[in-house]
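The structure under discussion appears below in the form of structure tokens.
Values below: all heavy atoms of this structure, side chains included; hydrogens, waters and symmetry mates excluded. These numbers were taken from a predicted model, which means no experiment stands behind them.
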Amino acid sequence: MGVTAGSVLNRLLCDKGHLTKPSNPTTVKAITSKILTYLDSGHLPKAVSILFASPFPFQFSLYAHLFQLCSSNRAILEVRKVESHLVTFSPIPPIFLLNRAIEAYAKCGSLGDARELFEEMPQRDGGSWNALITAYSQTGNPEDAFGLFIKMNRSGFLPNEITFASVLGSCAAVLALWLSRQIHAVIFKYGFNGNVILGSSLVDIYGKCGVMRDARGIFDEIQNPNDISWNIIVRRYLEMGEGKEAIIMFFQMFVAAVRPLNFTFSNALVACSSITALEEGMQIHGAAIKMGFENDEVVLSSLIDMYAKCGELENACAIFDQPKSKNLISGTSIVSGYAMSGQTWKAREFFNEMPERNVVTWNAMLAGYTHYFQWEEALNFIFLMVNTTKNIDQVTLGLILKVCAGLSDVEMGKQVHGFIYRHDFCSNIFVGNGLLDMYGKCGYLKSAKTVWFHQISQCRDRISWNTLLSSYARHGRSELAMKIFCEMQLEETPDEYTFAILLAACANIFALEQGKQIHGFMIRNGYTMDSVVRGALVDMYSKCHSIEYAIMVFKERASRDVILWNSMILGCCHNYKGREVLKCFGLMEDEGIKPDHVTFRGVLHACTYEGFVELGRQYFDSMTNEYGIIPRLEHYECMIELYSQWAYMDELENFVKNMPFDPTVPMLTRVLDACRRHGCLRLGQWAAQRLNE
DNA sequence: GTAGGGTTAG
């Protein structure tokens, strides 16, 4: 251990004999210039080591300079030497220099030295308090910083801007909203409310605490918000899920003529991805180039990710091909972009050619396979991953569990469970919920319950409850689901997702009364009926053959997206109201809503019920020709059903023999059945032969 | 001379 601040100071105070020595200008001057030479060549320890060659004090500015250099170099031993020289040879060291020493100790990570020097100082000023409060605040000791702040006030020192900034920093670290509001009031009282830094800090805290209205109010009152202030407000909107507002504020920066930081560009671009605002993203791209960010690695990576997430893979790749763009992060963005747009094959090709990958890259690829239900590929990839890299984290485990659930492979799920147990991922809520979901989807409700009580009982959240509910609902245990819902309300507020699960549970067992009760509960408790919930309601009412109620919910509000239209269309299908389906399809188009593959499933079903064979064929053709939707397996199944049921045997034969893929077993069975019923030998023989193959 | 934000990918 070196000499601590306090002990040197004590020696100084007890033994003042050598303090009366006169200074020697020539010695001091010579050593100063030697020290400066060392500093110029970057030799801080050497410079400090010759301090004691002079038994006289140096100019104060030299000490200040040395403390600053020690801080940036984290050179604790040198701080001690400089302080030692200062207090040994200056009769009364100026307070500001000792404050610098406190700051230097703190920057070097030694709160002990900082505190000791503070305690032993013969005299303190407000700056000394500030230095120590900042020291505690910046080293992650917010409680101590608050304590010192109170002590400072009691000792009769008035806090200034610096004090408030430090204390607010601690408030932000522990989200102390209530304390922040009080300090906000005091700041106002002292007239510091025009201060940009304090204003920005308050915006930061209110934003972090989720009260964006207050945050925005303060932001609007800052007279000249600077780049950091703008960065904070954009970032906070983004974090609160208000991507649109974040982008609006970003463009406001240009009106205010403040040059954005590269991080602000990055935040704004993430905001664009979050709401797939490609148009705005491209404008930001243009602005970035105009303002000279075309070689900024952070901005380039963010641009690549924005284009990839918005489905513009060509643009993303074009930027990636620029020399400054190629790195692990942007490469991972490309993999993720291809994977999550369904082009898993391209993603894999790119993945295989990457010079380096990390766990995020691997997860991005795996997420693509799971998202598109490519279980076989996912499984092979998992084996490759386990054999290639030791890096598996909670995201990987969550995805692997998703694969187990998708394949209903509970044996593999149990093995993963063992791995989770052995590698101490048990306390991770993300993994815990994944386990719960896996057992639930595999129908192992008992195991799900064990996970529930023994693994996540301490840390369960709303997602855990929803997962448990949906595993009971999926297996027709509706009454139990309702009971669990009652328990849930004791510790979590249900969300829209909860109700969608419950309504689906009711629909599955045709529990109209309970469905109505949930509907009423939501209305009484002021839940927003978003399109997911309205879809679940339409679905429940139509499955329970209360089509009038379904229509009522459907017509309630004007905003209807494709999902809600689909719910209504499938609801009509359930009630064998084929003509209504086709009517809906027309109205939907009038509203400007583009039909998707689910819509066409409903439409083709409707044509089957009503016997509109020719119309059904026209709709099927229009999918590719007019709407750009590639027919899926289920649409081919619908057409086979349509022709089979209405005995259009020539059309059936032509259709089934010209599909772009081999007919599946259920398809051939259906064809064979139709041939038997309508006496079509040739096609029947063909189907039987294909079945035997 | 002391004070604030942020690190893009799953």
Side-chain angles (χ1 to χ4, degrees), chain A residues 60-61 63-65 67-68 71 94-97 99-100 102-104 106-107 125-135 137-138 159-172 192 195-205 207-208 222 225-236 238-239 260-270 273 296-306 308-309 316 325 327-337 339-340 347 351 354 357-368 370-371 391 393-396 398-399 430:
Chain A
F60 292 149
S61 62
Y63 292 108
H65 188 46
F67 280 134
Q68 202 204 335
S71 294
I95 298 177
F96 90 86
L97 270 183
N99 295 349
R100 292 296 78 73
I102 293 176
E103 284 151 18
K107 289 258 162 65
D125 63 7
S128 320
W129 285 94
N130 287 345
L132 198 63
I133 290 174
T134 307
S137 171
Q138 290 184 342
N160 65 3
E161 296 101 311
I162 314 286
T163 326
F164 287 126
S166 292
V167 176
L168 285 177
S170 286
C171 288
F192 292 139
N195 184 305
V196 188
I197 294 178
L198 294 183
S200 305
S201 299
L202 284 167
V203 173
D204 185 43
I205 295 168
K208 276 181 180 150
I222 301 175
N226 59 20
D227 47 6
I228 296 179
S229 326
W230 283 99
N231 188 47
I232 294 171
I233 193 84
V234 171
R235 174 86 194 172
R236 293 289 158 259
L238 171 64
E239 279 176 357
L261 300 163
N262 61 349
F263 295 119
T264 317
F265 269 102
S266 170
N267 288 328
L269 287 165
V270 174
S273 320
D296 187 292
E297 216 173 300
V298 174
V299 174
L300 285 170
S301 300
S302 306
L303 276 169
I304 290 169
D305 193 58
M306 184 276 295
K309 284 218 172 78
S325 305
N327 60 37
L328 178 59
I329 291 175
S330 51
T332 306
S333 288
I334 302 274
V335 170
S336 173
M340 295 311 277
F351 176 91
M354 281 173 78
R357 316 171 186 106
N358 65 9
V359 66
V360 183
T361 324
W362 284 89
N363 288 345
M365 191 60 238
L366 183 55
T370 54
H371 192 258
N391 279 326
D393 68 359
Q394 73 278 5
V395 178
T396 322
L399 289 166
F430 187 79

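- One atom, CZ of Phe60(A), and another, P of dG1(B), lie 14 Å apart when rounded to the nearest Å.
- No donor-acceptor distance shorter than 3.5 angstrom exists from the side chain of Arg235(A) to the backbone of Asn267(A), with no hydrogens or angles considered.
- Looking at Ser301(A) and Asn327(A), their side chains come closer than 4.5 Å, going by heavy atoms from C-beta outward.
- For dG5(B), the base has no donor-acceptor partner in the side chain of Arg235(A) [N/O atoms by modelled type, under 3.5 angstrom].
- Per the geometry, CG belonging to Asp204(A) stands 17 Å off P belonging to dA3(B), to the nearest Å.
- Asn160(A) comes within 4.0 angstrom of nothing in the nucleic acid, heavy atoms only.
- Rounded to a whole Å, the CZ atom of Arg236(A) is 11 Å from the C1' atom of dG4(B).
- One can place CG of Asp296(A) at 14 Å from P of dT7(B), the figure rounded to the nearest angstrom.
- Taking the side chain of Asn99(A) as heavy atoms from C-beta on, and the options dA3(B), dT8(B), dG1(B), the nearest nucleotide is dG1(B).
- For the pair Asn327(A) CG and dT7(B) P, the computed distance is 16 Å after rounding to whole Å.
- Closest approach to the Lys309(A) side chain among dA3(B), dT8(B), dA9(B) is made by dA9(B) (side chain taken as heavy atoms from C-beta onward).
- Residue Gln68(A) places none of its side-chain N or O atoms closer than 4.0 Å to OP1 or OP2 of dT2(B).
- Ser330(A) comes within 4.0 angstrom of no nucleic acid atom, judged by non-hydrogen atoms across all strands.
- The side chain to side chain donor-acceptor pair (under 3.5 Å) search around Ser336(A) returns none, not counting sequence neighbours.
- Between the CD atom of Glu161(A) and the P atom of dA3(B) there is a distance of 13 Å, rounded to whole Å.
- Looking at heavy-atom distances under 4.0 Å, Ser336(A) makes contact with sugar-phosphate atoms alone, never a base.
- One cannot find a donor-acceptor pair under 3.5 Å joining the base of dG4(B) and the side-chain atoms of Ser201(A).
- For Leu132(A) and dT2(B), the CG to P distance is 17 Å, given to the nearest whole Å.
- The environment of CD in Glu297(A) is sparse: at most 12 heavy-atom neighbours from other residues, nucleotides or ligands sit within 6.0 Å.
- Among dT8(B), dT2(B), dA3(B), the nucleotide with an atom closest to any side-chain atom of Val298(A) is dT8(B).
- What separates CG of Asn262(A) from C1' of dG5(B) is a distance of 12 Å, to the nearest Å.
- Counting non-hydrogen atoms under 4.0 angstrom, Asn231(A) reaches a base of the nucleic acid.
- Minimum interatomic distance between Pro159(A) and Phe164(A) (heavy atoms only, all atoms of both residues): CG-CZ, 3.8 Å.
- Among the heavy atoms of the strands, none lies under 4.0 Å from Asp227(A).
- At a cut-off of 3.5 angstrom, counting only N and O atoms as typed in the model, there is no donor on one side facing an acceptor on the other between the side-chain of Asn130(A) and the base of dA3(B).
- Residue contacts for Val196(A): at a heavy-atom cut-off of 4.0 Å it reaches a base atom on one of the strands shown.
- If you check distances only, the side chain of Asn226(A) does reach the base of dG4(B) with a donor-acceptor pair under 3.5 Å.
- When each of dA9(B), dG1(B), dA3(B) is scored by its nearest atom to the side-chain atoms of Ile197(A), the top-ranked nucleotide is dA3(B).
- Contacts of Gln394(A) with the nucleic acid, taken as non-hydrogen atoms under 4.0 Å apart, are absent.
- Within the 4.0 angstrom heavy-atom criterion, only backbone atoms of the sugar-phosphate kind lie near Ile232(A); the bases stay farther away.
- Evaluation of the side chain to side chain donor-acceptor pair (under 3.5 Å) rule for Ser229(A) yields Ser200(A), Asn226(A) as partners, not counting sequence neighbours.
- When the nucleotides dG1(B), dA9(B), dG4(B) are ranked by their closest atom to the side chain of Gln138(A), dG4(B) comes out on top.
- Judged purely by atom type and a 3.5 angstrom limit, Ser273(A) uses its side chain to pair as donor or acceptor with the backbone of Leu269(A).
- Residue-level contact check: Arg357(A) touches neither bases nor backbone, having no heavy atom under 4.0 Å from any strand.
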